[in-house]
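Everything below concerns the one structure shown next.
In the text below, chain A, chain B and the rest are named by the order of the sequence lines, each starting its count at 1.
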Amino acid sequence: MSRYNPKDIEHKWQEAWAAQNIYAAKDFAKRPKFVMLTEFPYPSGSGMHIGHMREYTLGDILARHKRMNGFNVLFPMGFDAFGLPTENYAIKNRISPVKATRDNIANFEQQLKSMGFSFDWNRSFKTSDPDYYRWTQWLFLRFFAAGMAYQEEIAVNWCPFCKTGLANEEVINGRHERCDTPVEKKMLKQWLLRITDYADRLISGLDSVDYPPSIADQQVNWIGRSKGAEIDFQLEKSAEKIRVFTTRPDTIYGATFLVLAPEHPLVAEVTTKSQKEQINRYIKATQAKTDVERQAAASKEKTGVFCGAYAINPASQQRIPIWIADYILMGYGTGAIMAVPAHDERDSEFATKYSLPVQPVIEPEYGETKTGEITRDSIIAVLRNKKTNEVLLLNWGARQNQSGGRLLIGGGIERDEDIAAAAQREIREETGYRDVRFVQSSKEIVHNHYYSAVKERDCYAKITGLLFDLISDELVAPSPEPGEKGKFLLEWVPVETAAQLIDDPAHRRVFEELVANKVFTGEGLMVNSGKYDGLNSALMREQIVADLVKTRQAEEKINYRLKDWIFSRQHYWGEPIPIIHCPKHGPVAVPDDQLPVKLPPVEHYEPTNSGESPLGLIEDWVNVSCPVCGGPAKRETDTMPNWAGSSWYYLRYYDPHNDLTFAAGSKLNYWGMVDLYLGGMEHTTLHLLYSRFWHQFLFDQGLVPTPEPYAARRGQGIILAADNSKMSKSKGNVVNPTEIIESGYGADALRLAIIFLAPYDQTTPWSPEALGGTYRFLNRVWTLGAEFQNSANSTTGQKSDLLDRLCNTAIKKVSEDINGMNFNTAIAALMEYVNGLYKFKTEDKFTSGNWLSALQVLAKLLAPFAPHLSEQLWQELGNDGSIHLSDWPKWDPKFVNRQVTVIAVQINGKLRGELEVEAGITQEETLKLVEQEPKLQTQLAGKEIKRVIFVQDKLISLVVT
RNA sequence: GCCGGAAUGGCGGAAUUGGUAUACGCGCACGACUCAAAAUCGUGUUCCUUUUAGGAUUGAGGGUUCGAUUCCCUCUUCCGGCACCA
């Protein structure tokens, strides 16, 4: 054995593994199956980066570990080849997208192979293969046949740079996620998939799969289900009604005006002559804004215009004005709302600006109702010092052992007493301040159930809040007065921090209304609401809708933030949508036996500005006959988004060469769900959601056997540049894996460095130094193997107990860490093992009889992480066959549990010493040892042991006085 | 604003039913080998102090406990996602 040089071994083993085809998955094998899926890459022109390698290294470790544990592992790899970047790359370099794709994939394959990943290359394909996209088109036609794919003229998100329409999911902060160009609106006839039909299933399906909360929650949020009602508001002077969507029908009595989106179809109808000019000007101004501008305006002041007409509130029967404003979006709900300024912050802001009426209809209520409690009218007073911008709090917890924290000034109203007078009296009694000025009282009554510690009984208060300004800080007498004497401290605190200091929710609410001007958006008791007065708003929400449904003025409605998936792209490099437009029969499916509809070769791939695909220019491709009547017809010229091919690709791995169907049922049954799917967090609301939708639809069509595609999903974290910034070509801080391998570190050291960096799911900066560490570690492994072979070792010598212990501890830790996906600590355990072997080697000189097995175990434990070096070591140690087809080692508990252990001695919670004891020692024996230990004796001298806490083999804790 | 995650030495990070905080690696210092350097091997390395020892310490503050990185409450900062969604 010579020096460790990865170049000598890595390529050699890669070829050997390929020649022997050792990573091939076997259909129908009796062993348990395991599908380990990693997201297939998009073959860009710039090659693979370190982030790709993190994902595939993680998948490879798991695949290899499962294989060694007896699983029939399917670990496939393919290429997501259609899409904009390749097309743009081809245009820029004046080559065809076909050639660009071929070249890029060749480069990607070479890079993947140089990392030693155990992919089953026999099953590889790219989504731009006609043999593959034939089935993408076929599956699309199932959507079409089921009415799940439809065409509509809509305002799409249009990227003026890429010259194509986009799906909602591809727009981030008003910009195209690929090129960062601000998105415009453009009216185009588009194909859409009815993903909204599956909105509820996409939420409920998450219960049956193992996704981390960060991923599941993000999908649920993206779908944005909100339950509410659509309610009709009759126009005062017209037969038309305006339908609004609300999630708070319980606030309907507080609806004091309506607001329509500027694009709402009834705007013209409701605009009176006198308002027409103003309204038109406002609509024009709105249309001129891009989405980015309109979103930026969100943070600024709201704007709107009164349109002159009135509607009737179906609950209160009041006549309410109709406004238009661009804070209402046509794309959500009905594009119209009932504004409840008393209980909605946005409506409140709008009402304040345009002096519209405010009607409170919910009063906050806190605490649980208790039987036999006293009811009384009360006040809560806020005393504010305007000069210092502080308010006065009574701190009830600061004195003695009082319960309760900080409150405002509170008290009951005496019989025949004026509310303001009562508040002023309480201020004087409780604080001693007398020179105060009344500012305002609250509009809300706050209902509060509480236990009065002073009076020792349950109370129910109807509280009016009052705000006073302090005029002079002269005190009547040393405060506080007798009565509630000494029960609290007075504290002046800044207005900004007061809300979080006030302990009681009723007191806090009074402060929020009077000082912080916060709108009450919570649940509570209904008031000013006719027959619903005094009832709980949350409980009455559905009742109110039910009552309106009876008179056909409303219906229950669930709204989703999720929109139907815009499926058309006006580009060349994608799957042609297999539809023929006939003047007589409309859109007609291309018959299954004529699939695939192949992309025709063309001279120019450039997208057009018109919103028409470049395919439209190829007349002999476009002009076909109608499959139904044979008359002249035209092909659909839009192509599919690149999310189409990736929506079902995992299924094709199960049966990649089938030319009768997308995958045979028997193979779909055998492989079933993907057992673990590893990918990027950035695909959570794009690819991951789309492919779950496709799969759920295919399940409903009886085409796949499982309702969900992925049994478990994990997202790997991003690797940042060493300075914590994102790696990017423009910054020139991209880490190139091929350069690292070829510089001499090799793939194994790179794999280890990537994995050892941090937990797999954590975003973390790349550290070039880490590579030195893992390379050094592999060197030590290599050297250890070499020294062993050069020594006069023998398998007949006395077996070392220490060696067995090191070895079995390592097996246990590494096995458990891989199963828990704690790969970084698995490597730490391997390092500890090697460090231990080195130490032992120095004294033992390989004379113990169990060295060979200890090194074989080392090779096996290292095999998933550093496959090349492990294989080499395995061969050097005299084994036949690949280590990657060998069995994972098992640990023997008798070597893991230590005979002698060190336990900690704590006295009054502090560590005071350590004792080396026999494992399994009792509390009494340990206590005796403690009392004999001279150091500990001094600690215990003259003290009484009050309590002993004993944790077997770990710690003894003494409480002494 | 809402949802999710995080905060531990000079750095990346360990520590799961609450039980010896800082495993493993990097970096740094010293030593061995060497004419020398690299490589390699070994030792040390949370901080403070009056250093045979004592004290402090897991973003901040409070709580529960014999004992808290771990559980509870309040807050700050950072990362990811959503955001005028009615």
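- Within 4.0 Å of Asn824(A), counting heavy atoms only, lie sugar-phosphate atoms of the nucleic acid but no base atom.
- Closest-nucleotide positions on RNA chain B for Tyr775(A) and Asp344(A) were compared, and the one nearer the 5' end corresponds to Tyr775(A).
- Of the candidates Thr774(A), Leu778(A), Ile818(A), Ile818(A) is the only one forming a side-chain contact (heavy atoms from CB on, under 4.5 Å) with Phe865(A).
- Residues Asp200(A) and Tyr560(A) have side chains that bring a donor and an acceptor to within less than 3.5 angstrom of each other.
- Residue order along RNA chain B, read from the 5' end via each residue's closest nucleotide, puts Arg947(A) first among Asp347(A) and Arg947(A).
- Look at the C1' atom in both rC79(B) and rU16(B): the space between them is 25 Å, to the nearest Å.
- Ring geometry for Tyr354(A) against Trp323(A) counts as tilted: the plane angle lies between 30° and 60°, on a 0 to 90° scale.
- At a threshold of 4.0 angstrom between heavy atoms, the contacts of Gly773(A) are confined to the sugar-phosphate backbone, with no base atom among them.
- No donor-acceptor contact under 3.5 Å links the side chain of Glu682(A) to the base of rG80(B).
- The listed nucleotides are rG80(B), rG42(B), rC66(B); the one nearest the side chain of Val959(A) is rC66(B).
- Taking atom C1' in both rA60(B) and rG44(B), the straight-line distance is 34 Å, to the nearest Å.
- Arg225(A) comes within 4.0 angstrom of no nucleic acid atom, judged by non-hydrogen atoms across all strands.
- In this structure rG25(B) sits in a base pair with rC11(B), meeting the Watson-Crick or G-U test at under 3.5 Å.
- No engagement by Asn559(A) is indicated, since no non-hydrogen atom pair under 4.0 Å with the nucleic acid exists.
- In terms of modelled atom types and a separation under 3.5 Å, the side chain of Tyr282(A) and the main chain of Asp326(A) share a donor-acceptor contact.
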